[in-house]
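The block underneath contains the structure these notes are about, expressed in structure tokens.
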Number of protein chains: 2
Amino acid sequence: MHTEAKDEMRDKILEAALKRFTHYGASKTTMNEIADDLHCSKASLYYYFPDKKAMHMAVLQKIAEIYFQQMEKEALQPESAAQALYNIIELRREFISKFCRLEIFKILQDNSAVFLEEKKKARERDIAIHTRIIEAGIALGEFIVKDPAHTAELLVLSTMGLRFSVPDHIREDTDMDEAMMDDVIDKQKQLLEIFIKGIKA
Amino acid sequence: MHTEAKDEMRDKILEAALKRFTHYGASKTTMNEIADDLHCSKASLYYYFPDKKAMHMAVLQKIAEIYFQQMEKEALQPESAAQALYNIIELRREFISKFCRLEIFKILQDNSAVFLEEKKKARERDIAIHTRIIEAGIALGEFIVKDPAHTAELLVLSTMGLRFSVPDHIREDTDMDEAMMDDVIDKQKQLLEIFIKGIKA
DNA sequence: TTTTGACCTTGAAACTAAAAAAGTCAGAAA
DNA sequence: TTTCTGACTTTTTTAGTTTCAAGGTCAAAA
């Protein structure tokens, strides 16, 4: 059984790719560069991944998995549902500031069916986590909500939407947005504050 | 004093342009086509507008003015501030379904300084109107809000942001979005409901 | 003052060639 | 048998060019 070794190499590739992506941006990274970093041939990469897009996806899934697991930990047994919701925003701030250089948006521009599917799944998972927190809030007597899943969707979508409150031309610019990000996160927290009051028991 | 006649011709041009824009989209409309519709020469258009962009802006300002005036009427003396906020969403629905074919987004893609400035002004006016309604709500004892302008900004931005809850690839498509729009408007109303509860006295 | 035909200018498609990157495969290495 | 690679082909990107429709100007007419 050589699968452990195989998985190990696969992971090494993902790490090397992620390093390049976060440093130079995914769109500026070639398969050859990743291979060179690993002192292996490009053909090897194609032994582990069917194509470049699959590798991109795997990198994305890898970091998303960590992010979601942190979120789920937060959602598991909150002392306060409201606090859990705030903590998730903080988690998001960390995640974004860590991976914003990866040009995640440029990859996702690629609106292929697989990508959209993955994006949808991620959003659903995000909403599911928020649903669980809201349900916990109901159980704790913090919130009164008729349809937790629906309310969670609304919270997630409206919070995400605030991302677009910063003008278009700045969103492109990769330098300035670190400062802008704080503004967006701030707005997200302020909206959450009102949102929580709006569903408070 | 020939200014009335001049203004009249200017307005005729704007109407002809708007008709073309809403029918075929602004990006697919040429100056020659507008001139032909008016049975005049293209050079005449340039007597009234310095260039094409200025004409686009004028068309946009014209329809925006109507939209904002309706909003302001709504904001002037609401019996219920909450109801006024709902009415404004309904106004927005009408406005969008009327002018969505104009490809406003494609024009606004043009991130020139003048355009951004105008966009910013429009947003500020939007926020100002919402501020007035929230202040009215406070006066009527409906709401308790510390900083009405700030709360209004948050409401406007989060509501607008919901526009992006529909997947990217559908936003491009000019056919489907009529149905999608209803979904967005629905979400905006649902968010407003919670938002209002969140600032309720 | 307003309008126009004739004219000039510009920018966005439509090709093209060259370079770079993606992707394949027969066979070597482990 | 699984993993890896050099040498190869194919596809995509880029940069340069042409071309033409659309933008824009102007002297002169109405």
Completion exercise
residues 7-41 of chain A vs ring-ring contact (aromatic ring centres under 6.0 Å, His included), sequence neighbours excluded, gives A:F21-A:H56
Exercise for the section: Not counting sequence neighbours, which residues clear side-chain hydrogen bond (donor to acceptor under 3.5 Å, both in side chains) with A:E94? List them please. Expected result: none
What protein N or O atoms touch nucleotides 27-30 of chain C N or O atoms at under 3.5 angstrom, if any, and at what distances?
none

Practice task
Kindly write out the residues that satisfy side-chain hydrogen bond (donor to acceptor under 3.5 Å, both in side chains) with A:D36, not counting sequence neighbours, or none if the list is empty.
Solution key: none
Table please: side-chain donor-acceptor pairs of residues 148-160 of chain B below 3.5 Å, with sequence neighbours left out.
residue	atom	partner	partner atom	Å
B:H150	NE2	A:Q190	OE1	3.4
B:T151	OG1	B:D147	O	3.1
B:S158	OG	B:L154	O	2.8
B:S158	OG	B:L155	O	3.2
B:T159	OG1	B:L155	O	2.5

Practice task
Please list, chain by chain and in numerical order, all residues satisfying side-chain hydrogen bond (donor to acceptor under 3.5 Å, both in side chains) with B:K187, sequence neighbours excluded.
Solution key: B:D183
Handout entry: Nucleotide of D:dC4, D:dT5, C:dT3 approaching B:Y48 most closely (side-chain heavy atoms)
Key = C:dT3
Handout entry: Partners passing side-chain hydrogen bond (donor to acceptor under 3.5 Å, both in side chains) against A:E65 (at least two apart in sequence or in another chain)
Key = A:Q69, A:R125
Exercise for the section: From the options D:dT2, C:dT4, C:dT3, select the nucleotide whose nearest atom is closest to the side chain of B:Y47. Expected result: C:dT3
Problem - side chain to side chain contact (heavy atoms under 4.5 Å, CB included) partners for A:A54, two or more places apart - result: A:P50, A:D51
Problem - By ring-ring contact (aromatic ring centres under 6.0 Å, His included) - contacts of A:Y67 (at least two apart) - result: A:F95
Exercise for the section: Considering just the side-chain nitrogens and oxygens of A:S41, establish if one lies under 4.0 Å of OP1 or OP2 belonging to D:dC4. Expected result: no
Practice task
Please give the angle, rounded to 10 degrees, between the axes at the start and the end of the helix from C:dT1-D:dA30 to C:dA30-D:dT1, where five pairs define each axis.
Solution key: 50°
Problem - Qualifying side chain to side chain donor-acceptor pair (under 3.5 Å) pairs, either residue in residues 128-140 of chain A, two or more places apart - result: A:D126-A:H130
Every protein N/O lying under 3.5 Å from an N/O of nucleotides 23-28 of chain D:
residue	atom	partner	partner atom	Å
D:dG23	OP1	B:K52	NZ	3.2
D:dG23	OP2	B:M31	N	2.8
D:dG23	N7	B:K42	NZ	3.0
D:dG24	OP2	B:Y46	OH	3.0
D:dG24	OP2	B:K52	N	2.8
D:dG24	N7	B:K42	NZ	3.1
D:dG24	O6	B:K42	NZ	2.9

